[in-house]
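Here the structure is laid out as structure tokens; the discussion comes afterwards.
Here the structure is a predicted model, which is why all the values come from computation and not from measurement. We're numbering straight along the sequence, starting at 1.
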Amino acid sequence: TAGMTYAKELHVNYSYTGTTENGAPFTPFKTLQAAVNAAPTIAVIYLHHSGTASETVTISSANNLFIQGVAGHPDSPQFLLTGRIIINGTSTRVRLKDMQIVAPDANPAITIDGSQGRHNFERVTTTGGTGLTITGSFQNWLELNDCAIDGPISLGGTPASGSSVTSYGLRAAAASFTMSHANYTAQLLDTKGLASITHSAGNLIINDFIGIGTSGITSTCNFGSGVFMMGNASMLTPSFTMATLNKSGTCLYMLSNVV
């Protein structure tokens with residue numbers, strides 16, 4: 001990250017066959033979990049050569065941890081991780097960049113279970129599993145920049161007051177988006193497709209949105225539990241029919257240039 005000085009730089013190479021593993025470029029760790037366990041406060045982990053072995057990576061006490069995929073091929077700019085990533089505990093400021101996470105089963109590719117938030121994912125793609133899930137006592141914020149999520153996006157748990165999720169350029173044509181707690185503020189900005197949106201509580205702001213599945217958008221949020229705002233948006237489905245916006249809750253709402 002520009003302007004950031006890291007206390008330690010670690011490397012992971014799933015193709016490495018040597019016996020010495022210390023995270024150095026020529027003696028890298030063989031798994032991401034080993035690098036996460038060794039990372040101090042303010043560290044960067046570079047991932048070299050995609051792995052095929054399934055790995056569930058748990059990040060429980062990270063502080064300013066940047067995980068950067070280095071695929072090394074212009075036609076495949078994302079590092080491929082077969083497995084799952086779980087961020088929990090006291091972790092804060094976890095950044096994932098240039099990664100494709102392939103979930104091996106029906107569990108979420110990425111789970112944020114509580115944590116202190118302030119996370120940022122950039123050019124992260126998930127396939128398989130159930131997409132991205134937030135559970136537990138989440139705090140502060142999560143930003144998604146130019147990410148593609150294949151599977152449901154669920155904002156649940158018991159977030160602290162003022163918690164937010166903001167996405168820029170989200171591509172998630174196969175994903176449903178659900179938010180269910182009044183303490184969330186979610187902003188979907190420049191979104192290119194979602195299978196459906198369900199809003200039962202919290203502040204939901206949608207702007208520059210195109211492409212929704214036939215299930216459309218449902219807002220059952222009631223007065224005092226949040227607001228619903230949508231602008232510069234199209235309800236056109238991939239099959240060129242118009243989806244339904246069902247605003248049955250009593251929360252305050254505003255629609256502007258929605259077709």
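- A distance of 6.5 Å separates CG in Leu132 from CG in Leu144, rounded to the nearest 0.5 Å.
- When each of Val44, Leu96, Ile45 is paired with Phe66, the side-chain contact (heavy atoms from CB on, under 4.5 Å) condition holds for Val44 and for no other.
- Environment of OH in Tyr16: crowded, with over 12 heavy atoms of neighbouring residues, nucleotides or ligands closer than 6.0 Å.
- By the 30° and 60° cut-offs, the orientation of the rings of His11 relative to His48 is parallel.
- Looking at Asp98 and Gln68, their side chains do bring a donor and an acceptor atom within 3.5 Å of each other.
- If you check the side chains of Thr237 and Ser239, you find a donor sitting under 3.5 Å from an acceptor.
- The shortest non-hydrogen separation linking Ile85 to Met99 is CD1-CE, 3.8 Å.
- With Ile112 as the fixed residue, the side-chain contact (heavy atoms from CB on, under 4.5 Å) test singles out one of Leu142, Ile86, Val94: Leu142.
- Atom NZ of Lys8 has 12 or fewer heavy atoms from other residues, nucleotides or ligands within 6.0 Å.
- Smallest separation of non-hydrogen atoms from Val12 and Leu32: CG1-N, 3.9 Å.
- Judged purely by distance below 3.5 Å, without hydrogens or angles, the side chains of Arg118 and Thr92 pair a donor atom with an acceptor atom.
- Residues Ile205 and Met254 share a hydrophobic cluster, clusters being chains of Ile/Leu/Val/Met/Phe/Trp/Tyr side chains in contact below 4.5 Å.
- No hydrogens or angles considered: a donor-acceptor pair under 3.5 Å links the side chains of Asn88 and Ser60.
- Of all heavy-atom pairs between Thr31 and Tyr14, the closest is CA-CE2, 4.2 Å.
- The minimum heavy-atom distance between Cys221 and Ala201, with the atom names listed, is SG-CA, 3.8 Å.
- The two atoms that bring Ile212 and Ser196 nearest to each other are CD1-CA, 3.8 Å, heavy atoms only.
- For Ile210, the CD1 atom counts as loosely surrounded, since its 6.0 Å shell holds 12 or fewer non-hydrogen atoms of other residues, nucleotides or ligands.
- Remark: the backbone N or O of Ile149 is not paired with any side-chain donor or acceptor of Thr126 at under 3.5 angstrom.
- Judged by distance alone, with hydrogens and angles left aside, the side-chain atoms of Asn232 form no donor-acceptor pair with the main-chain N or O of Asn207 at under 3.5 Å.
- Residue Thr130 comes nearest to Thr133 through the heavy atom pair O-OG1, 4.2 Å, listed as atom of the first residue, atom of the second, then distance.
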